[in-house]
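What follows is a set of notes on a single structure, which appears directly below.
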Amino acid sequence: MKADTLSLRQLFSKDIRYVVPRFQRSYVWNQEDQWEPLWDDVRNTAERYLEFLDELGGDIADHGAKAAEQVERHFMGAVVLQQRPNAVAELETRDVIDGQQRLTTMQLLADAAQQVTEEDGFVQESKRLRRIVINRDVEGDDEFKLWPTQLDRDAFRAAMRNGDEDLAFVGSAVSLCQPAGRAGQGRYGVA
């Protein structure tokens with residue numbers, strides 16, 4: 001077993017598939033107990049980043065990396081993954097043994113942020129965020145970096161594809177999470 005400290009970018013920037021096995025519970029996080037505290041942490045981190053960026057001159061191209069070094073990272077907790085054997089030409093796949101609630105939430109939040117940045121015309125930012133949630137050069141459901149447990153798959157697919165089809169999953173914690181992410185971004189003035 002190997003333990004590493006990884007950022008969300010490191011977890012999701014390459015083409016990979018994290019599969020939540022059948023024995024895991026379905027997605028149960030909710031707005032009051034988990035999404036709001038997480039969004040507050042994300043918002044506070046973003047605000048600190050923008051403050052550091054402003055102190056350095058405000059240009060993200062010139063000072064973005066330096067500002068990012070100054071910001072304390074959000075600790076998501078442990079995520080336990082198990083490598084699946086796969087052929088060289090296949091998409092790297094890992095089972096999510098622990099951390100599926102957090103990973104699912106972060107994928108839905110990143111997808112919501114991607115949609116908002118795209119709608120608001122921030123093309124480069126939208127492309128970067130899309131790279132965190134979607135695998136390249138694959139078809140069907142393999143496009144998703146995270147694949148939830150069986151009970152959540154239809155709602156997750158609908159939420160991640162950003163269409164009206166998620167209306168069929170009203171009441172699903174998965175389908176409720178992504179709109180909450182979009183609303184949180186608007187509420188806190190983050191695009």
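Predicted model, so just to flag it, every value in this text is computed and none were measured.
In this structure, Gln10 places its CD atom where more than 12 heavy-atom neighbours from other residues, nucleotides or ligands lie under 6.0 Å away. Taking a 6.0 Å sphere around CZ of Arg9, one finds it holds 12 or fewer heavy atoms contributed by other residues, nucleotides or ligands. Residue Glu69 qualifies as enclosed at atom CD: its count of foreign heavy atoms under 6.0 Å is above 12.
Taking 4.0 Å as the cut-off between side-chain N and carboxylate O, Arg161 and Glu143 count as a salt-bridged pair. The pair Arg130-Glu118 does not count as a salt bridge, with every side-chain nitrogen at least 4.0 angstrom from each carboxylate oxygen.
The hydrophobic cluster containing Phe156 also contains Ile134, counting ILVMFWY residues as joined when their side-chain heavy atoms lie under 4.5 angstrom apart, directly or transitively. Val42 and Val79 fall within a single hydrophobic cluster, where Ile, Leu, Val, Met, Phe, Trp and Tyr are joined by side-chain heavy atoms under 4.5 Å apart, directly or via other members. Under the 4.5 Å side-chain heavy-atom criterion for Ile, Leu, Val, Met, Phe, Trp and Tyr, Val138 and Ile16 are members of distinct hydrophobic clusters. Tracing side-chain contacts under 4.5 Å through hydrophobic residues (I, L, V, M, F, W, Y), one never reaches Leu151 starting from Leu108; they form parts of separate clusters. Residues Val80 and Phe23 share a hydrophobic cluster, clusters being chains of Ile/Leu/Val/Met/Phe/Trp/Tyr side chains in contact below 4.5 Å.
When Arg48, Arg43, Glu47 are each tested for a side chain to side chain donor-acceptor pair (under 3.5 Å) with Thr45, only one passes: Arg48.
When every heavy atom of Val96 is checked against every heavy atom of Tyr18, the shortest pair comes out as CG2-CB, 3.7 Å. Residues Trp29 and Trp35 come closest through the heavy atom pair O-CZ2, 3.2 Å. Nearest heavy atoms, Leu146 versus Val20: CD1-CG2, 4.3 Å. Closest heavy-atom contact between Val19 and Pro21: O-CD, 3.3 Å.
Proximity of a side-chain donor or acceptor of Gln24 to a complementary backbone N or O of Ile97 within less than 3.5 Å is detected. With hydrogens and angles disregarded, a donor-acceptor distance shorter than 3.5 Å links the side chain of Gln100 to the backbone of Arg25. In this structure, the side chain of Asp111 does not engage the main chain of Val133 through any donor-acceptor pair within 3.5 Å. Under a 3.5 Å cut-off, the side chain of Gln101 and the backbone N or O of Ser26 do form a donor-acceptor pair. In this structure, Ser126 contributes its side chain and Phe122 its backbone to no donor-acceptor pair below 3.5 Å. Judged by distance alone, with hydrogens and angles left aside, the side-chain atoms of Arg153 form a donor-acceptor pair with the main-chain N or O of Pro148 at under 3.5 Å.
When side chains are defined from C-beta on, Asp41 does not count as touching Glu36, because their heavy atoms never get closer than 4.5 Å. Lys145 has its side chain within reach of Asp15: a pair of non-hydrogen atoms, C-beta onward, lies under 4.5 Å apart. No side-chain heavy atom of Ile132 sits less than 4.5 Å from a side-chain heavy atom of Leu8. Annotation: side chain of Asp54 is not in contact with side chain of Leu50 (no heavy-atom distance under 4.5 Å). When side chains are defined from C-beta on, Leu11 counts as touching Leu103, because their heavy atoms get closer than 4.5 Å. Between Gln34 and Arg102 the shortest side-chain heavy-atom distance does not fall below 4.5 Å. Side-chain contact between Met106 and Leu109: present, with at least one pair of heavy atoms (C-beta onward) separated by less than 4.5 Å. At a threshold of 4.5 Å between non-hydrogen side-chain atoms, the residues Glu55 and His63 do not count as touching.
One distance of note links NZ of Lys14 with CG of Asn135; it measures 11.0 Å at 0.5 Å rounding. Note that CG of Asp141 and CG of Asp154 are 9.0 Å apart. Values are rounded to the nearest 0.5 Å. The distance from atom CG of Asp120 to atom CD of Gln115, rounded to the nearest 0.5 Å, is 10.5 Å. Here the CG atom belonging to Asp142 is positioned 12.0 Å from the CG atom belonging to Asp137, to the nearest 0.5 angstrom. Atoms OH and CG, on Tyr49 and Leu53 in that order, are 5.0 Å from each other to the nearest 0.5 Å.
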Between Tyr27 and Thr149, is the side chain to side chain donor-acceptor pair (under 3.5 Å) condition met? List the steps. CA-CA 8 Å; Tyr27 185 76; Thr149 191; over 6 Å; no
Between Gln124 and Arg128, is a side chain to side chain contact (heavy atoms under 4.5 Å, CB included) present by the stated rule, with each step listed? CA-CA 6 Å; Gln124 291 304 315; Arg128 282 190 216 115; 4.0 Å; yes
